[in-house]
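One-based numbering along the sequence shown.
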Amino acid sequence: MSARRGALSGHLAAASFALLIFLTVDVNARPANVSVHKEKIPNSKENNEILPPDHLNGVKMEMDGHLNKDFHQEVFLGKEMEEFEEDSEPRKNRKKLVEIFSKVDFNKDRSVSAKEMQRWIMEKTEEHFQEAVEENKLSFRAVDPDGDGHVTWDEYRVKFLASKGFNEKEVAEKIKNNEELKVDEETQEVLESLKDRWFQADNPPADQLLNEEEFLSFLHPEHSRGMLKYMVKEIIRDLDQDGDKELTLSEFISLPMGTVENQQAQDIDDDWVRERKKEFEEVIDSNHNGIVTMEELEEYMDPMNEYNALNEAKQMIAVADENQNHSLELEEILKYSEYFTGSKLMDYARNVHEEF
């Protein structure tokens, strides 16, 4: 992920842990005085499944404040997004897209309206939700070794450090004996951030234990209104330069993707500013007063907001609506397939009625 400048320069130390950039970092955390052995382990999905992901499927903004560039594809394809990524054969992708169109076209009039697209977006978002719930079941089992249905912070801390290559038995023994763990500064900062997030996910009455539902909120804040508020607060904290807990346009676009070193980098930065400006003015700032409040950002971030889904449906239709009838025909979706699926199928938009 690209490095930030300006107000976010203090977070660069944790850049390799992109999933936690948006969280509070305790820079005054004491270095521990007992070392633990760190082993080299393969970087696999299994090792990372107990960590909060930086990217949340079907959520418009990443946890670090970047816009989710895959959002349109995620809410149009749902689980089938992986199939389009893995199978780049245009004819097969075209056939899949025709099948998806027929499902979105609920009333079978060979045209997709904004209401039909809204309904589809909500279905695909719910699909992502259910996928996260199923993954959470596996992740929870991984951090609940005694199977009592609750996870302590220490139990999670052991598994987290083990996933980072530390000796699990050694870490567990030192925690059991109340000995501090000497870990590198970066890992220490991440632990402090995780701990803060852990206690935020602990629903009242707080018992310092997380059950499976609370652990889901810990990994996926979009599943909890309270954690969604927390995520919004942290994003605003990172972007808000004058401390008024609101965002102006200039604050929202003050995160260029990287240092401009050549014309190509300048073009990337220009695109970054253009995209964020459009999203701020047309979508996030709902009352168009030039200021985004926490409430507005929370509504924008809420993946199950039906009003947002309708607005998103209208935007998606506008991208490909060449005949300006406020709906989409199959030919239009095929022609603009890269926007909806990431695959270019323009050459295969001819004679579509033979298959549909």
| With the 4.5 Å side-chain cut-off for hydrophobic clustering, are L209 and I50 part of the same group? | no
| request: Find out whether the Lys NZ or Arg CZ of R197 is both under 6.0 angstrom from the six-membered ring centre of F218 and within 45° of the ring's axis. | output: yes
[X] versus [Y], closest heavy-atom pair with distance:
{"X": "M61", "Y": "L297", "result": "CE-CD1, 4.2 Å"}
{"X": "F140", "Y": "L210", "result": "CE1-O, 3.6 Å"}
{"X": "M301", "Y": "V232", "result": "CG-CG2, 4.1 Å"}
{"X": "A142", "Y": "K159", "result": "O-CE, 3.2 Å"}
{"X": "S163", "Y": "L51", "result": "OG-CD2, 4.5 Å"}
{"X": "A132", "Y": "H223", "result": "CB-NE2, 3.7 Å"}

For the residue pair [X] and [Y], establish whether any side-chain heavy-atom pair is separated by less than 4.5 Å.
{"X": "N136", "Y": "H220", "value": "no"}
{"X": "R94", "Y": "L334", "value": "yes"}
{"X": "F340", "Y": "M316", "value": "yes"}
{"X": "F106", "Y": "K115", "value": "no"}
{"X": "M63", "Y": "I235", "value": "no"}
{"X": "Y336", "Y": "T341", "value": "no"}
{"X": "E74", "Y": "H128", "value": "yes"}
{"X": "E155", "Y": "D146", "value": "yes"}

| request: I would like to know whether E312 and H72 meet side-chain hydrogen bond (donor to acceptor under 3.5 Å, both in side chains); could you show each step before the answer? | output: CA-CA 8 Å; E312 190 62 37; H72 305 303; 2.9 Å; yes
Would you call [X]-[Y] a salt bridge at under 4.0 Å N-O?
{"X": "E173", "Y": "K169", "answer": "no"}
{"X": "K335", "Y": "E332", "answer": "no"}
{"X": "E131", "Y": "K79", "answer": "no"}
{"X": "R274", "Y": "D271", "answer": "yes"}
{"X": "R119", "Y": "E116", "answer": "no"}
{"X": "K69", "Y": "E275", "answer": "yes"}
{"X": "D302", "Y": "R225", "answer": "yes"}
{"X": "R141", "Y": "D144", "answer": "no"}

| query | Hey, which of K60, K229, K233 is the one that makes salt bridge (Lys or Arg N to Asp or Glu O under 4.0 Å) with E298? | reply | K229
Short side-chain donor-acceptor distance under 3.5 Å, [Y] and [X]:
{"X": "T293", "Y": "E246", "answer": "no"}
{"X": "S254", "Y": "Q241", "answer": "yes"}
{"X": "H66", "Y": "D64", "answer": "yes"}
{"X": "D196", "Y": "S193", "answer": "no"}

| task | Decide side-chain contact (heavy atoms from CB on, under 4.5 Å) for W153 and V158; before the verdict, give the C-alpha distance in whole Å, the side-chain angles of both, and the deciding distance to 0.1 Å. | result | CA-CA 9 Å; W153 166 246; V158 169; over 6 Å; no
| message | Between H55 and N57, is the side-chain hydrogen bond (donor to acceptor under 3.5 Å, both in side chains) condition met? List the steps. | response | CA-CA 6 Å; H55 175 78; N57 288 329; 3.2 Å; yes
Spacing of [X] atom [atom1] and [Y] atom [atom2] [to the nearest 0.5 Å]:
{"X": "E234", "Y": "D238", "atom1": "CD", "atom2": "CG", "result": "7.0 Å"}
{"X": "K124", "Y": "L77", "atom1": "NZ", "atom2": "CG", "result": "8.5 Å"}
{"X": "N177", "Y": "I175", "atom1": "CG", "atom2": "CD1", "result": "10.5 Å"}
{"X": "T152", "Y": "D154", "atom1": "OG1", "atom2": "CG", "result": "5.0 Å"}

Keeping the roles fixed (side chain from [X], backbone from [Y]), state whether a donor-acceptor pair exists under 3.5 Å.
{"X": "E251", "Y": "T248", "result": "yes"}
{"X": "D240", "Y": "L247", "result": "no"}
{"X": "D70", "Y": "Q73", "result": "no"}
{"X": "S224", "Y": "P221", "result": "no"}
{"X": "R276", "Y": "F252", "result": "yes"}
{"X": "K278", "Y": "V283", "result": "no"}
{"X": "D285", "Y": "V292", "result": "no"}
{"X": "N311", "Y": "Q315", "result": "no"}
{"X": "D321", "Y": "H326", "result": "yes"}

| How far apart are the C-alpha atoms of L181 and R157, what are their side-chain angles, what is the distance that settles it, and do they pass the side-chain contact (heavy atoms from CB on, under 4.5 Å) test? | CA-CA 11 Å; L181 305 171; R157 189 161 45 139; 4.2 Å; yes
| Would you call the rings of Y156 and F160 parallel, tilted or perpendicular if under 30° counts as parallel and over 60° as perpendicular? | parallel
| field | Step-by-step side-chain contact (heavy atoms from CB on, under 4.5 Å) determination, L67 to W272 | value | CA-CA 9 Å; L67 298 178; W272 161 272; over 6 Å; no
| task | Would you sort out whether L161 and L191 count as a side-chain contact (heavy atoms from CB on, under 4.5 Å), showing the intermediate values? | result | CA-CA 9 Å; L161 289 172; L191 272 171; 4.1 Å; yes
| request: Start with the C-alpha distance between E192 and Q188, add both sets of side-chain angles, then the distance that settles side-chain hydrogen bond (donor to acceptor under 3.5 Å, both in side chains), and finish with yes or no. | output: CA-CA 6 Å; E192 291 295 327; Q188 180 67 25; 3.2 Å; yes
| message | Could you go through S111 and D109, starting from their C-alpha distance and side-chain angles, then the distance that decides it, and tell me whether this counts as side-chain hydrogen bond (donor to acceptor under 3.5 Å, both in side chains)? | response | CA-CA 5 Å; S111 179; D109 65 351; 4.8 Å; no
Check whether more than 12 heavy atoms from other residues, nucleotides or ligands sit under 6.0 Å from atom [atom1] of [X], and answer yes or no.
{"X": "Y307", "atom1": "OH", "result": "no"}
{"X": "E213", "atom1": "CD", "result": "no"}
{"X": "E306", "atom1": "CD", "result": "no"}
{"X": "E123", "atom1": "CD", "result": "yes"}
{"X": "K176", "atom1": "NZ", "result": "no"}

| Between F76 and Y339, does the ring centre distance come in under 6.0 Å? | no
| query | Under the 4.5 Å side-chain heavy-atom rule for ILVMFWY, direct or indirect, which residues accompany M304? | reply | M122, F129
